[in-house]
Each structure stands twice: as structure tokens, then as C-alpha cells.
Chemist: 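Shown below is the structure under consideration.
Quick note on labels: first sequence line is chain A, next is B, and so on, each numbered from 1.
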2 protein chains.
Amino acid sequence: MSEIYKALSDPTRRQILELLRDGELTAGDLSTHVPVSKPTLSGHLNVLKNAGLVDVTRDGTRMIYRLNVSVLEDALMSLMRTFRIGQPDQAPTPTAAILKGSKL
Amino acid sequence: MSEIYKALSDPTRRQILELLRDGELTAGDLSTHVPVSKPTLSGHLNVLKNAGLVDVTRDGTRMIYRLNVSVLEDALMSLMRTFRIGQPDQAPTPTAAILKGSKL
DNA sequence: CCATTATTTTGTTAATTTGCAAATTAACGA
DNA sequence: TCGTTAATTTGCAAATTAACAAAATAATGG
């Protein structure tokens, strides 16, 4: 599970994910948009693949990469639950409710 | 902004954030729960502080650390918007709506 | 099977990160 | 100002990461 955060921690990899956001791209397509050498790009794609954030299929000589949003979604939801983000506040205890209504 | 992802990419730092989730703790408190030396812990706390994920105040000889949830919240919300997570699906085009209602 | 295209693997280097022990700083109370 | 407690900074080693060029692999078309 920790591999996802590692994968997200590099700006080049986040750029790749954003490029894939609107649809699948080949390694070569990505190469024209991401300012690193092809071997370096290939390494980043491998990190993303191992984290489950992208899926790959082959089409002839090219490799087609696509985003796997659900993995990202699960990771974010998990973080949100852990830190209680975007969730209803804890229901106040009766005592807290009384104090809140009192003059002091 | 990229510092937040970097900060989150280390498991020890995520553990620290979780420990702070339920309330503030001193560096010493954290030290008893996190299995690294105090200098190492201090380094991690500094990374979290620079990312804005924690705030610090001094209380006599101790340093009190507390979670800054809003920074984490903003980062996650930004990611969700970027990848259109937890948002209503794209409004269907008129044509798509017609096709959806048809038998084929 | 050979040439071409697309991509990955290998080998290497430089930079960054993580870890610890030892030394240092900061605040407090006697 | 000492001595004590709490935490950080410094200095250094080991591990990891990101980058590239060159070589290797895989698939296709002739």
C-alpha cells in the first residue's frame, strides 16, 4: 500500500498520471510530453505500474498505458477516513452539548 | 506544494501524522511511539513542518506538535479534482442521453 | 530472416534520503 | 550560574532514487 504514496511523491510521475487522466497513451506519446529520456520515462512507468496506478497492454510494438483511477481513489478515501476529512463532525457528547448552550 | 507528497511518502512520517490525529503531542511523546532515534524523529518532524502538515509551539523545554489537517485536506481535495474522484460524472451529451434511452 | 520501429534493460553516476551517535542549544528551577 | 531535561543540529555512512547513453528485446512488414 505504501508504494502508492512513493509513486505519487515524484513530480514527473504525477505529470504522467495527469497526462493519462483524459485517456490512454503509448509510451512514445508520453515521451513527447514528459521532459525525460525514454529509459527514465520507462522507469517511472514501471514504478506507477507496480503501485497499480496504471495498467499496460501491448499493441504491436507499442505499449499502451492507462490510468487505473480506482486504486488512486481507494488510497485517497483511505487517507480521508484516517484523518476524518470530509466527514461529519463527531457527534457532540451530551455534556458538550450542555456546555455549548451555557453562558460559560 | 510538491513537498506534501514527499512528506507523505515516508511511512514513519505517516505514522507520526496518525499519532497526531487525536491530539497534540510533544516530541518526547512521539519518540516513545515511533521506533527511530530522536535525531531521526526530529528530522522527520522538520520535513512535516516544512510541508505545513504540522505546527509547533514551545512549552518550556518541550516542543508541542499538532496536526494541521487543513493542509492535508487541501492537498487531497486538489488531487480529487484533478482526477475527478468523488464527483458527479460528466453530464451526458444530448446524443448520449438519447442513445442511453434507446433499445440499442 | 532482415530491417525498422517502439520500448525496456543494463550499467553507471550524481544527488537525495534515512539513519545514528555525539555535540549543541534552549528553557527552567535551585 | 549550575545542573537537568527536552529537543535539535552536526557529521557521517548506507541505502535509495533519478538521470542518461548504450545495448538488448519484442513485434511487424517485406
Chemist: Distance check: side-chain N/O of B/Y65 vs OP1/OP2 of D/dA6, anything under 4.0 Å?
Modeler: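 Negative; the distance criterion is not met.
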Chemist: Using a strict heavy-atom distance below 4.0 Å, which residues from residues 14-31 of chain B are in contact with DNA chain D?
Modeler: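 Per residue number, the list reads B/T26, B/A27, B/G28.
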Chemist: Nearest to the side chain of A/S42, which nucleotide is it out of D/dA19, C/dT9, C/dA26?
Modeler: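 For A/S42, the side-chain atoms sit closest to C/dT9.
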Chemist: Give the cluster check for B/V36 versus B/L19: same hydrophobic cluster or not, with ILVMFWY residues linked at side-chain heavy-atom distances below 4.5 Å.
Modeler: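 Yes, B/V36 connects to B/L19 through the hydrophobic network.
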Chemist: Could you please name the option among D/dA27, D/dT8, C/dT7 that lies closest to any side-chain atom of A/K38?
Modeler: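 Side chain of A/K38 sits closest to C/dT7.
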Chemist: According to a hydrophobic-cluster definition based on side-chain heavy atoms being under 4.5 Å apart (Ile, Leu, Val, Met, Phe, Trp, Tyr only), do B/V47 and B/L53 belong together?
Modeler: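 Different clusters: B/V47 never reaches B/L53 through Ile, Leu, Val, Met, Phe, Trp or Tyr contacts under 4.5 Å.
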Chemist: Looking only at side-chain atoms of B/P39, point me to the closest of C/dG19, C/dA21, C/dT8.
Modeler: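 Shortest atom-to-atom distance from the side chain points to C/dA21.
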Chemist: Please state whether the phosphate of D/dC20, meaning OP1 or OP2, lies under 4.0 angstrom from any side-chain nitrogen or oxygen of A/T40.
Modeler: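 Affirmative; the distance criterion is met.
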Chemist: So does B/H44 get a side-chain nitrogen or oxygen closer than 4.0 Å to the phosphate oxygens (OP1/OP2) of C/dT17?
Modeler: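 No, no such contact exists.
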Chemist: B/D10 near the nucleic acid: base, sugar-phosphate alone, or nothing, with a heavy-atom cut-off under 4.0 Å?
Modeler: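 The answer is sugar-phosphate, as B/D10 gets under 4.0 Å only of primed atoms, P, OP1 or OP2.
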Chemist: Could you tell me whether the phosphate oxygens of D/dT17, OP1 or OP2, come under 4.0 Å of any side-chain nitrogen or oxygen in A/K6?
Modeler: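 Yes, A/K6 has a side-chain N/O under 4.0 Å of OP1/OP2 on D/dT17.
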Chemist: Please tell me which of the listed nucleotides, D/dA18, C/dT18, C/dC20, lies nearest to the side chain of B/V36?
Modeler: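 Closest of the options to the side chain of B/V36: C/dC20.
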Chemist: In terms of side-chain heavy atoms of B/T61, which of C/dC28, C/dG19, D/dT8 is nearest?
Modeler: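 Of all the options, the side chain of B/T61 is nearest to C/dC28.
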Chemist: For the side chain of B/R62, counting heavy atoms from C-beta on, which of D/dA6, D/dA22, C/dA27 is nearest?
Modeler: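 Side chain of B/R62 sits closest to D/dA6.
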